[in-house]
Amino acid sequence: MRSMSGSRRNSGSSLVSSSSASSNLSHLEEDTWILWGRIVNEWEEWRRKKEKLLKELIHKGIPHHFRAIVWQLLGNATDMPVKNQYSELLKMSSPCEKLIRRDIARTYPEHDFFKGQDSLGQEVLFNVMKAYSLVDREVGYCQGSAFIVGLLLMQMPEEEAFCVFVRLMQEYRLRELFKPSMAELGLCIYQFEYLLQEQLPELNVHFRSQSFHTSMYASSWFLTLFLTFLPLPVATRIFDIFMYEGLEIIFRVGMAILQYNQTDLIQLDMEGMSQHFQKVIPHQFDSCPDKLILRAYQIKYNPKKMKKLEKEYTTFKNKEMEEQIEIKVSFGLLTGGTLLLWRGCLGQVTRAQEAEENYVIKRELAVARQQCSTASESLERAQDTIRELQQRKYTEQFVSSLQTQLEQSRLQEAELLGALKEMQDKVLELEKRSSLLPDESNVAQLQEELKLVKLRELETLHCFREMQDTVTELNQCWQQHVSRGGGGGHWKESPKKNAMNELQDKLMSMRLREAQAQAELREARLKVLQLESQNQIHGKLVSRQEEESAALQERVQYLTAQNKGLQGQLSEVKRKQAESDCKSKEEVMAVRLREADSMAAMAELRQRIAELEIQKEEGRIQGQLNHSDASQYITQLREQISELKNEVRHSVTHSEISRTWTELSLWPPSPCQYFHSAEI
């Protein structure tokens, strides 16, 4: 760190100044400084033996004052031969100088370091871009690379920024991205489309139906590493991880952004989605970049599959190139008129691209202005918070009262949770009771069944009355027949009358049989009606049971989904609790280490006092000095003893204050607030 600060003083082009390090750093910041200072001093050991812990710390964010040296160490750009050539490269002329001068003003136009024509930031940015265009003449200059170099210049001097940028172009696939053919950009878009199709198929179908191509929104993500899309603090956190893992974090963050906005994007058309990408998405994670990083690492990313896709894309492009060569060979050279036509089309395409660039620049300017106003407001709020914290005096009585209030609030929270649980149980019980009651549709079905039953009952009564009439008629006929044959025997009557009587008997017997058959037929019809009504009733019951079973299945699915959501929330709460416990333990350990250091200093001071007192006694006993000299020597010793005692009191006071601040840091229900104020 001493060497880095020396290089900063010599260069003068870095934004990091000594005034940015406040004297009122919290203990947490001090511990972070100590930890990252140890990492920088023991870099090789951490890369070999503690790589997992280093990765976790980088995911949480590299402190601003350590970014310069850590980025150089991550990119292995501390000792590069090209650094010695930098001054010679600046003396040479580059064919890309006009293009670089034209685009310099578009790079971070609202940032203080690059604001204003011929400012220090624009000058050093021009130097780095010009030097690289001379080192790598195949790539030369590309507009998107200026944003990456600008971010590097915000953290380190121009010579070191040049070395890191050269390493990024050589080792991080950026050189292939910025080549004139931009073949690597096509590969990245191809791989990103596969991830989108595999993990967000509904959103992918919606994009295709609206002709909203992936290159329309994702090209700038890969070319500028989100520096022109997201706010600078969030994009810098992503760049920290990019320096460690490469382009994998760009894929993860892009998929996390789409997954977070999937519900809103599906409901929009092409113009609405463009507005959503420009105005809504960039400011969703301003207050909490950790949320975006956490979502990014929940995305499934398979490096082997990405390698396979790279081979497929290379094979496809080679085949396409061979086909183009065959077409050119088969059709021969283009005529002059065709060439003019092609040149006109290319001119139109170029003008369209320039119009699109102008639109993008205007959008970036509006976003930058909004970010500037937001940042100024945040700075004012932070300054107010710092003043309030400096003016407050936390005493033991105040801390105890806060702890009492905390316990009371926790008890109230527990009571409220219990009451909420009881209310939820009551709601579930009422829902069960309401599910057992018939709903309006079931009541209507029952009324229809009742009407049908009443109609069948009326039909049955009608049949019964017909049967009664038939029986009455037959009874009357029988009585007439009996009255005719009851006065004496048929042998006294004439043969003709006897034949008539026999025919009447047969007719009577036939009517009886007919009545019996009709009765049996009506009985059968009644049985059929009864069976049909029972069949309908059973059918209604089966349909109602099926509806109830379907409702129960939906209820089970809903409860299962709710259970999964609650389990996810529980795991998230447990993780946050574990993180807060870990932070509190680290803070307690740091405080104890400081107390041990202060105790050791006190012991040394007391030993020094004892030695001085012994010297005083020896001088008095031996009589080496005269009376005046001895009194003067004793006065000096007493002054030294008083000064040492004052230092002891000061160290004791400092240890008590640190212990009080430790108790305060363990008190609040949400430690993120103190952590946020500490960062400010």
Side-chain angles (χ1 to χ4, degrees), residues 58-61 188-189 191-210 212-242 245 247-302 306 363-364 367 370-371 374 561-562 564-576 579 670 672 676:
I58 293 174
H59 287 179
K60 293 179 180 179
C188 293
I189 296 296
Q191 293 171 331
F192 191 81
E193 285 179 346
Y194 170 80
L195 293 176
L196 179 62
Q197 184 177 0
E198 183 184 32
Q199 300 186 27
L200 301 174
E202 296 180 0
L203 186 60
N204 181 50
V205 171
H206 180 67
F207 281 170
R208 290 181 181 274
S209 65
Q210 297 292 328
F212 195 68
H213 303 292
T214 308
S215 58
M216 296 173 66
Y217 60 89
S219 298
S220 64
W221 295 355
F222 291 100
L223 290 174
T224 63
L225 309 178
F226 290 102
L227 291 172
T228 59
F229 183 74
L230 295 173
L232 194 58
V234 183
T236 308
R237 287 285 304 276
I238 296 172
F239 196 84
D240 289 341
I241 305 173
F242 171 77
E245 298 180 1
L247 283 176
E248 177 182 342
I249 187 61
I250 307 300
F251 287 98
R252 289 183 176 276
V253 171
M255 286 299 298
I257 289 173
L258 293 181
Q259 187 182 55
Y260 186 75
N261 293 273
Q262 180 179 6
T263 306
D264 296 332
L265 291 172
I266 288 177
Q267 299 174 0
L268 301 173
D269 57 1
M270 183 176 180
E271 185 177 357
M273 288 188 289
S274 300
Q275 294 294 326
H276 194 78
F277 271 94
Q278 293 173 11
K279 297 180 179 179
V280 179
I281 295 179
H283 304 288
Q284 288 177 337
F285 303 97
D286 288 355
S287 60
C288 189
D290 293 326
K291 184 179 179 182
L292 179 59
I293 303 298
L294 181 63
R295 283 183 169 272
Y297 280 94
Q298 292 174 354
I299 298 296
K300 295 179 182 179
Y301 182 88
N302 189 352
M306 303 300 276
R363 179 180 61 81
E364 291 175 356
V367 171
Q370 186 177 2
Q371 290 176 357
T374 306
Q562 190 177 11
K564 289 182 180 179
L566 291 174
Q567 287 179 354
Q569 292 178 2
L570 180 60
S571 61
E572 183 71 15
V573 170
K574 287 182 179 179
R575 185 187 63 77
K576 290 181 179 178
E579 289 180 356
S670 57
C672 295
H676 182 65

Inset, instruction - Describe, in one word, how the ring planes of F222 and F192 are oriented to each other, choosing from parallel (under 30°), tilted (30 to 60°) and perpendicular (over 60°). - result: perpendicular
Legend entry - Closest approach of H206 to L265 (non-hydrogen atoms, all atoms of both residues): NE2-O, 3.1 Å
Legend entry - Interatomic distance, Q191 atom CD to I189 atom CD1 [nearest 0.5 angstrom]: 10.0 Å
Inset, instruction - Calculate, to the nearest 0.5 Å, the distance between atoms CD and CD belonging to Q567 and Q569 respectively. - result: 11.0 Å
Inset, instruction - Work out which heavy atom in P231 is nearest to a heavy atom in P282; give both atom names and the distance. - result: CD-O, 2.9 Å
Inset, instruction - Determine whether more than 12 heavy atoms belonging to other residues, nucleotides or ligands lie under 6.0 Å from atom CD of E271. - result: no
Inset, instruction - Locate the shortest heavy-atom distance separating Q199 from I299; write the atom from each residue and the value. - result: OE1-CG2, 3.4 Å
Inset, instruction - Can you measure from CZ (F226) to CG (L232) and round to the nearest 0.5 angstrom? - result: 14.5 Å
Legend entry - Residue pair L570 / L566, side-chain heavy-atom distance below 4.5 Å: no
Legend entry - Shortest non-hydrogen contact between L225 and F239, atoms and distance: CD1-CE1, 3.6 Å
Legend entry - Any M255 side-chain heavy atom under 4.5 Å of Y301 side chain: no
Legend entry - Inter-residue atom distance C188.SG - E193.CD, 0.5 Å rounding: 11.5 Å
Legend entry - Worked verdict on Q267 versus H276 for side chain to side chain donor-acceptor pair (under 3.5 Å): CA-CA 11 Å; Q267 299 174 0; H276 194 78; over 6 Å; no
Inset, instruction - Can you run down the salt bridge (charged side-chain N to carboxylate O under 4.0 Å, His left out) pairs that involve residues 217-239, sequence neighbours left out, and say none if there aren't any? - result: R237-D290
Inset, instruction - Take atom CD of E202 as the centre, draw a 6.0 Å sphere, and report whether it contains more than 12 heavy atoms from other residues, nucleotides or ligands. - result: no
Inset, instruction - Provide the closest heavy-atom pair for L195 versus K300 in the form atom of the first, atom of the second, distance. - result: CD2-O, 4.2 Å
Inset, instruction - Working to the nearest 0.5 Å, report the span between CD1 of I249 and CD1 of I293. - result: 5.0 Å
Inset, instruction - Compare all side-chain heavy atoms of I238 with those of L292 and state whether any distance is below 4.5 angstrom. - result: yes
Legend entry - Derivation of the ring pair (Phe, Tyr, Trp, His ring centres under 6.0 Å) call for Y217 and F229: CA-CA 10 Å; Y217 60 89; F229 183 74; 8.9 Å; no
Inset, instruction - Calculate, to the nearest 0.5 Å, the distance between atoms NE2 and CE belonging to H213 and M270 respectively. - result: 7.0 Å
Legend entry - Least distance between heavy atoms, I58 atom then D240 atom: CG2-O, 3.7 Å
Inset, instruction - Using a 4.5 Å cut-off on heavy atoms from C-beta on, say whether the side chain of Q284 contacts that of N261. - result: yes
Legend entry - Pair F212 + F277: ring centers closer than 6.0 Å: yes
Inset, instruction - Only pairs at least two apart or in different chains count here, so list each salt bridge (charged side-chain N to carboxylate O under 4.0 Å, His left out) that has a residue in residues 251-265. - result: E248-R252
Legend entry - For R575, all residues meeting salt bridge (charged side-chain N to carboxylate O under 4.0 Å, His left out), sequence neighbours excluded: E572, E579
